[in-house]
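First up is the structure itself, then whatever we jot down about it.
Keep in mind it's a predicted model, so treat the numbers as computed, not measured. To find a chain, count down the sequence lines: A is the first, B the second, and so on, and within it residues start at 1. The figures that follow rest on heavy atoms only: side chains count, while hydrogens, waters and symmetry mates do not.
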2 protein chains.
Amino acid sequence: MGRPRWLSKEEKRAWNAFITAHALLFQRLDQQLKRDMGLSHLQYEILARLSDTPDRELRMSELADAVQNSKSGLTYQIGQLEQVGLVRRRNCRNDVRAVYACLTDEGMAQLERAAPGHVAMVRELFIDAMTPDQLRALADGLGEANRRMRESAAESAGASGLEAR
Amino acid sequence: MGRPRWLSKEEKRAWNAFITAHALLFQRLDQQLKRDMGLSHLQYEILARLSDTPDRELRMSELADAVQNSKSGLTYQIGQLEQVGLVRRRNCRNDVRAVYACLTDEGMAQLERAAPGHVAMVRELFIDAMTPDQLRALADGLGEANRRMRESAAESAGASGLEAR
DNA sequence: TGTGGATAGTTCAAATTTTAATTCAAGATG
DNA sequence: CATCTTGAATTAAAATTTGAACTATCCACA
């Protein structure tokens, strides 16, 4: 491992833009979802993931994985969503340990009310600010970064037997 | 306002890559900083911003702004950093209300120890996964998005007299 | 079989973040 | 000057997130 190279001007510009964009974007998106729908972005994501599924349900672990959240964090959020009737828990018949989180009709309805405004805002703030070329380059570049991170995570998990998150 | 347009496949791909990249990246970066240096990424950012300044100090508000954090959140974090001696508070002579957060020598030293590993990881996970073209496109595109968001935030603040955050 | 090691999910306490007041002082208004 | 509004920072309370136990299966295989 050689002497660490600092970031060049251009590299720093990209990294900064990335961090700032995320902060600014989620400041707005979170706030809008909360104000209009009483949902945090995480809750929205949970509902959205569930709705994308054939039976509108997922196991806790899968869901935690899908929304990139810790298991205990998900337990908490599902608890919240259950209290307000947007999600319901169901036990699995084959595996007593497993629990499914299921989107209720009410939850689906709420998601459908929330989605248009949310999507409009994503479009306005993110999509429309970039050219199609830039959008593609971003998807390709970050996609590759994601692939690498997933791969190296899988490796080290396999090597050490550790299971973080 | 017309019927809301859903995201196209390509748009969704970009948006997804963006969200996922941030989550994956910060999972790693946070963990590495915490493990190796006992710092959260926010704390690292605070130290870094302070170090970038001529006198290694900034007013609480400016700093909060710079690291995109709420004022009360910053109060908390500066409290933590102060306890471990990386930062020190100082009152302003002109304005009794104002407080400066100052990087201590110890803080600077800690930052200098932390930076190489952090930068190396940013490079490995983010920079090196993309081509220079992709990096430039990302910086340009997200830069434009940021410009717009800042502008529209400034507008609505001016118009309504509101001061969020 | 029955044991040891993964898995699934929850629980609890501690750390952090958020949100809504609160405290003081500066600046403007009249 | 008296008052009113704004600005800077903190405090207090509530909500959320983290991380380490803990409980209870499931599974492979000796």
Side-chain angles (χ1 to χ4, degrees), chain A residues 23 26-27 29-31 33-35 38-46 57-84 87-102 157-165, chain B residues 23 26-27 30-31 33-35 38-46 57-84 87-102 157-158 160-165:
Chain A
F26 278 80
Q27 205 171 285
L29 292 173
D30 253 338
Q31 174 183 306
L33 274 173
K34 198 52 159 300
R35 182 165 53 70
L39 292 174
S40 70
H41 187 263
L42 175 54
Q43 293 175 329
Y44 177 89
E45 279 282 300
I46 289 173
E57 58 183 32
L58 275 175
R59 288 177 58 151
M60 294 296 281
S61 309
E62 295 180 288
L63 186 51
D65 221 50
V67 303
Q68 317 229 137
N69 211 111
S70 69
K71 286 189 300 173
S72 66
L74 190 68
T75 293
Y76 176 78
Q77 281 301 164
I78 292 295
Q80 298 294 302
L81 291 171
E82 206 172 20
Q83 286 199 349
V84 296
V87 164
R88 178 172 59 76
R89 272 180 229 251
R90 168 172 96 59
N91 296 80
C92 177
R93 275 171 284 288
N94 313 322
D95 189 337
V96 188
R97 299 168 304 174
V99 172
Y100 282 88
C102 322
S160 69
L162 273 178
E163 284 301 317
R165 291 238 133 185
Chain B
F26 279 81
Q27 205 171 284
D30 253 337
Q31 175 183 306
L33 274 173
K34 197 56 160 296
R35 180 166 55 70
L39 292 175
S40 70
H41 186 262
L42 175 54
Q43 293 175 329
Y44 177 89
E45 279 282 297
I46 289 173
E57 58 182 31
L58 274 175
R59 288 177 58 153
M60 294 295 280
S61 309
E62 295 180 287
L63 185 52
D65 221 50
V67 301
Q68 316 229 132
N69 209 112
S70 68
K71 284 188 296 176
S72 68
L74 189 68
T75 294
Y76 176 77
Q77 282 302 164
I78 292 295
Q80 298 295 301
L81 291 171
E82 205 172 20
Q83 286 199 348
V84 295
V87 163
R88 179 172 59 75
R89 275 178 228 249
R90 166 172 99 56
N91 295 79
C92 176
R93 275 173 283 289
N94 313 322
D95 189 338
V96 188
R97 299 169 304 173
V99 172
Y100 282 87
C102 322
S160 69
L162 275 177
E163 284 300 319
R165 293 236 138 185

Output the rounded distance in Å from [atom1] ([X]) to [atom2] ([N]).
{"X": "Gln31(B)", "N": "dT18(D)", "atom1": "CD", "atom2": "P", "answer": "12 Å"}
{"X": "Lys34(A)", "N": "dT16(D)", "atom1": "NZ", "atom2": "P", "answer": "6 Å"}
{"X": "Asp30(B)", "N": "dG19(D)", "atom1": "CG", "atom2": "C1'", "answer": "14 Å"}
{"X": "Arg90(A)", "N": "dA8(C)", "atom1": "CZ", "atom2": "C1'", "answer": "15 Å"}
{"X": "Leu39(B)", "N": "dA15(C)", "atom1": "CG", "atom2": "P", "answer": "17 Å"}

Among the candidates dT25(D), dT18(D), dA8(C), find the nucleotide nearest to the side-chain atoms of Arg59(A).
dA8(C)
For the side chain of Arg97(B), counting heavy atoms from C-beta on, which of dT16(D), dG7(D), dT18(C) is nearest?
dG7(D)
In sequence, state the C-alpha distance, the side-chain angles, and the governing distance for Arg90(A) and Val99(A), and then conclude on side chain to side chain contact (heavy atoms under 4.5 Å, CB included).
CA-CA 6 Å; Arg90(A) 168 172 96 59; Val99(A) 172; over 6 Å; no
Just checking Asn94(A): base, sugar-phosphate only, or nothing, at a heavy-atom cut-off of under 4.0 Å?
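Sugar-phosphate: the residue Asn94(A), judged by heavy atoms under 4.0 Å, touches backbone atoms but no base.
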May I ask you to verify if any side-chain N or O of [X] is less than 4.0 angstrom from the OP1 or OP2 atom of [N]?
{"X": "Gln43(A)", "N": "dT16(D)", "result": "no"}
{"X": "Gln80(B)", "N": "dA15(C)", "result": "no"}
{"X": "Gln77(B)", "N": "dT17(C)", "result": "yes"}

Testing the basics here: between Val87(B) and Ala101(B), what is the closest heavy-atom pair and its distance to 0.1 Å?
CG1-CB, 4.2 Å
How many angstroms lie between CZ in Arg88(B) and SG in Cys102(B), if you round to the nearest 0.5 Å?
4.5 Å
Give each protein N/O atom lying under 3.5 Å from an N/O atom of nucleotides 10-14 of chain D, with the pair distance.
{"residue": "dT10(D)", "atom": "OP1", "partner": "Arg89(B)", "partner atom": "NH1", "Å": "2.3"}
{"residue": "dT10(D)", "atom": "OP2", "partner": "Thr75(B)", "partner atom": "OG1", "Å": "2.6"}
{"residue": "dT10(D)", "atom": "OP2", "partner": "Arg89(B)", "partner atom": "NH1", "Å": "3.4"}

